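Have a look at the structure below, then the notes.
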Amino acid sequence: MVYNGVVYLSGIKSPNKTASGAEQTKDVLSEIDRRLAEVGTDKSRLLSATIWMPEVIRDVGELNAVWNEWLTPGRRPARSCVQSVLQGHSLVEIAVIAAV
């Protein structure tokens, strides 16, 4: 959804439910890149991100390693990590808001 110069990408999950948390995170971030490109923007214009994980305390380090490598240097969005039961045995789900 794009509205008034802002794109809203709802919860994105990896299709590979047997992959590790790091691999699922890479899948999700790749899909975010793809969807942002479709509307003419990219991760350097992220405003916020909400990340859901079934075990935040246990798995946030693994997620952060992938997340921090993926981000554009100097362009960190506001971010929330929330512990939640996810559908389909996913290990991570991410929603982002970005400027177009």
Side-chain angles (χ1 to χ4, degrees):
M1 164 62 79
V2 177
Y3 179 76
N4 210 18
V6 178
V7 60
Y8 301 85
L9 300 181
S10 60
I12 300 167
K13 298 182 288 186
S14 170
N16 188 353
K17 305 304 185 237
T18 62
S20 69
E23 289 301 317
Q24 286 191 26
T25 301
K26 288 176 186 176
D27 289 347
V28 171
L29 297 178
S30 177
E31 181 64 12
I32 289 171
D33 282 335
R34 187 189 72 74
R35 291 185 189 188
L36 291 174
E38 278 185 356
V39 296
T41 193
D42 62 44
K43 64 188 173 189
S44 72
R45 299 187 43 94
L46 288 177
L47 302 172
S48 71
T50 304
I51 301 169
W52 295 271
M53 303 168 70
E55 294 289 337
V56 173
I57 299 299
R58 182 191 70 200
D59 297 334
V60 75
E62 185 178 21
L63 173 120
N64 281 339
V66 176
W67 175 261
N68 291 334
E69 183 178 311
W70 175 75
L71 286 175
T72 301
R75 305 292 295 187
R76 297 172 109 38
R79 184 184 99 166
S80 299
C81 269
V82 180
Q83 187 157 306
S84 178
V85 176
L86 301 179
Q87 295 177 349
H89 306 290
S90 292
L91 298 177
V92 64
E93 181 174 342
I94 303 175
V96 298
I97 300 171
V100 176

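Just so you know, residue 1 is the first one in the sequence shown, and it goes up from there. Bear in mind the structure is a predicted one, so any value in this text is a computation, not a measurement.
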Are [X] and [Y] connected, step by step, through hydrophobic side chains (Ile, Leu, Val, Met, Phe, Trp, Tyr) whose heavy atoms are closer than 4.5 Å?
{"X": "Val56", "Y": "Ile51", "value": "yes"}
{"X": "Ile97", "Y": "Val100", "value": "no"}
{"X": "Trp52", "Y": "Leu46", "value": "no"}
{"X": "Leu29", "Y": "Tyr8", "value": "no"}
{"X": "Val39", "Y": "Ile12", "value": "yes"}

Decide yes or no on side-chain contact (heavy atoms from CB on, under 4.5 Å) for Trp70 and Ile32, but give the supporting numbers first.
CA-CA 11 Å; Trp70 175 75; Ile32 289 171; 4.0 Å; yes
Pairwise side-chain contact, [X] with [Y], heavy-atom cut-off 4.5 Å (strictly under):
{"X": "Asn16", "Y": "Glu23", "answer": "no"}
{"X": "Leu91", "Y": "Ser20", "answer": "no"}
{"X": "Glu62", "Y": "Arg58", "answer": "no"}

Separation of [Y] [atom2] from [X] [atom1] (nearest 0.5 Å):
{"X": "Thr18", "Y": "His89", "atom1": "OG1", "atom2": "NE2", "value": "12.0 Å"}
{"X": "Thr41", "Y": "Leu9", "atom1": "OG1", "atom2": "CG", "value": "9.5 Å"}
{"X": "Ser90", "Y": "Lys17", "atom1": "OG", "atom2": "NZ", "value": "3.5 Å"}
{"X": "Glu55", "Y": "Gln83", "atom1": "CD", "atom2": "CD", "value": "5.0 Å"}

Salt bridge between Glu38 and Arg35, side-chain N to carboxylate O under 4.0 Å?
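Arg35 and Glu38: not salt-bridged.
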Val28 and side chain to side chain contact (heavy atoms under 4.5 Å, CB included): which single residue from Val92, Val96, Val66 fits?
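Answer after filtering Val92, Val96, Val66: Val92.
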Do you know the tightest heavy-atom contact between Thr72 and Lys43?
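In this case the closest contact between Thr72 and Lys43 is OG1-CG, 3.5 Å.
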Closest heavy-atom contact between Ala95 and Ser10?
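Smallest interatomic distance, heavy atoms only, reads CB-C, 3.9 Å.
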Expected output: side-chain Ser30 to main-chain Lys26 donor-acceptor under 3.5 Å:
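No; judged by distance alone, with no hydrogens or angles, the pair does not exist.
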Donor-acceptor check, side chain of Glu93 to backbone of Lys13, threshold 3.5 angstrom: yes or no?
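Checked: no pair found.
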Is it the case that Asp42 and Ser44 place a side-chain donor and acceptor less than 3.5 Å from each other?
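Yes, a side-chain donor-acceptor pair sits under 3.5 Å.
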